[in-house]
Number of protein chains: 2
Amino acid sequence: MKLQLTSPYTESVSQVHEPSTTRDSSPSQQPRWLAPQERDAWLRLVGVVIKLPTALDAQLQRDAGISLFEYQVLAGLSEAPDRMLRMSDLAELTNGSLSRLSHVVKRLGSRGWVRREPCPEDGRSTNAILTDEGLAKITATAPGHVDTVRRLVIDALTAAQVRSLREIGTRILQQVDPADTFRLRRAAPDAPAPGQERSR
Amino acid sequence: MKLQLTSPYTESVSQVHEPSTTRDSSPSQQPRWLAPQERDAWLRLVGVVIKLPTALDAQLQRDAGISLFEYQVLAGLSEAPDRMLRMSDLAELTNGSLSRLSHVVKRLGSRGWVRREPCPEDGRSTNAILTDEGLAKITATAPGHVDTVRRLVIDALTAAQVRSLREIGTRILQQVDPADTFRLRRAAPDAPAPGQERSR
DNA sequence: GAGCAGAACTTGAAGCGTCAAGCTTCCTGT
DNA sequence: ACAGGAAGCTTGACGCTTCAAGTTCTGCTC
């Protein structure tokens, strides 16, 4: 096995060296390749981004017969007031498209875990509601999933690394989805004042 | 928008509290929920893991008409000796299944960027080879992609965070795919004395 | 108060990845 | 030297996601 590099991130491939046009809004000809440590960090991240969801899906599929996305849908509803959420809110919460969610809710509906109901306040909207069976399902599934999350991520890191991960994730998400930034500002202030949820 | 929690990671859902059976190999009934900062780091990571590939795919699709995985395939070949790699090595390199790779190489072949050739040394193996057109393609595509990687990830972080990310990624990958660990040991040894490790 | 842009959602079709089979080729033991 | 099993790869079918319309409803604006 002689696999060494993974992709042209350092200057091995391209000889194109446009010396500092400094106009970087046109994504075409910048020679700003990655330094070795940067490239390395990047390749690790790509590995995580590809393999972690697969691993989580595998555990959920094996133990509960649902996908990670389905888990997130059920889990999101389980923590919502009245176990009910508008489709678009649920889509945003689960980082999924409305279309995807619509398909998934239909499947979850046919399994008896979710039902739909027109939203009284806005005729265009649909509310997704977690049924009792759905709550039972997510309640039964959660411990195994959380255990997996611990094993694969949290418990593999030091406390300092967990803090760092949180900050790094925030930074990346701000770049990837700036519109979403306001969501990043809420949630868990650094010092844990435990046991107060229930606001909204 | 009143979305607050994303999934039962803290103890909001389950009332199941088996007090310390301490047997954790059976992934069924552990009440070890996540502390708020842990949960928060986790939700950030999930966001990244879902949205980052989408963003990268979008850029590549828009500017070059290829997916991230296809990019990785072409890029991997471009850096290999003779621009040639056995299918299984390429699969491992790109974090993909052999089956997936086979389909993708077929598509890339029909676009003229890759060709297949039986491996002389091992009759079971197939070599994937990057054509001149394929090299031209990846050479043209790389700068825009690297620029995106910089914008979304590297340049959004401090140097210390990049180092941290590298270490965190390594840890997670060791958990997710222990068989792959040897690959994590190679690559970029120039990390400056990484203060703490070896927690478990 | 009528028309119109846009928001919220659904649906069907097309594309991609996974899974299970199947086909060669290689290796190991006897 | 040959049988059995494993490794490497390909293929087809199925399921899920995305994409592009299409529908219904809301809120503006004139």
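In this text the structure is predicted, and so the values were computed from the model without any measurement. Chain naming here is simple, since letters A, B, ... match the order of the sequence lines and numbering starts at 1 in each.
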Check: How many Å lie between CD on Glu121(B) and P on dT24(C), as a whole number?
Finding: 22 Å

Check: Do Arg171(A) and Glu167(A) sit within salt-bridge range, that is, some charged N less than 4.0 Å from a carboxylate O?
Finding: yes

Checklist line | Donor + acceptor pair across side chains of Gln59(B), Asp63(B) (<3.5 Å) | finding: yes

Notebook entry, point to check: Arg44(B) and Thr170(A): side-chain donor and acceptor closer than 3.5 Å?
Noted result: yes

Notebook entry, point to check: Of the nucleotides dG6(C), dC9(C), dT24(C), which one has an atom closest to the side chain of Arg124(B)?
Noted result: dT24(C)

Check: Would you say dC9(D) has OP1 or OP2 under 4.0 Å from some side-chain N or O of Lys106(B)?
Finding: no

Notebook entry, point to check: Choosing from dG8(D), dC9(C), dT10(D), which nucleotide comes nearest the side chain of Met87(B)?
Noted result: dT10(D)

Margin query: Output the rounded distance in Å from CD (Glu92(B)) to P (dA7(D)).
Written below: 14 Å

Margin query: It should be established whether Thr126(A) places a side-chain nitrogen or oxygen under 4.0 Å from OP1 or OP2 of nucleotide dT10(C).
Written below: yes

Next item on the list: Output yes when at least one side-chain N/O atom of Ser88(A) is less than 4.0 Å from OP1 or OP2 of dC9(C), else no.
Entry: yes

Checklist line | Nearest-angstrom distance from the residue atom CG of Asp122(B) to P of dA6(D) | finding: 17 Å

Check: Picking from dC16(C), dA8(C), dT18(C), which would you name as closest to the side chain of Ser97(B)?
Finding: dT18(C)

Margin query: Would you say Arg116(B) and Thr126(B) are linked by a side-chain donor-acceptor pair, where the criterion is simply a distance under 3.5 Å?
Written below: no

Check: Taking OP1 and OP2 of dT11(D), is either one under 4.0 Å from a side-chain nitrogen or oxygen of Ser102(B)?
Finding: no

Next item on the list: Using atom CG of Asn127(B) as one end and atom P of dC9(D) as the other, report the distance to the nearest whole Å.
Entry: 8 Å

Item checked: Nearest-neighbour nucleotide for the His103(B) side chain, dT11(D), dC9(D), dT26(D) considered -> dT11(D)

Notebook entry, point to check: Arg100(A) side chain N/O closer than 4.0 Å to the phosphate oxygens (OP1, OP2) of dT17(D)?
Noted result: yes

Next item on the list: Please report, rounded to the nearest Å, how far the P atom of dT24(C) is from the CZ atom of Arg116(B).
Entry: 16 Å

Notebook entry, point to check: Is a salt bridge present between Arg163(A) and Asp40(B), judged by a nitrogen-to-oxygen distance below 4.0 Å?
Noted result: no

Next item on the list: Please state how far atom CG in Leu98(B) lies from atom P in dA21(C), giving the value in whole angstrom units.
Entry: 18 Å

Notebook entry, point to check: Quick one: is Ser99(B) getting a side-chain N or O under 4.0 Å of the dG17(C) phosphate, OP1 or OP2?
Noted result: no

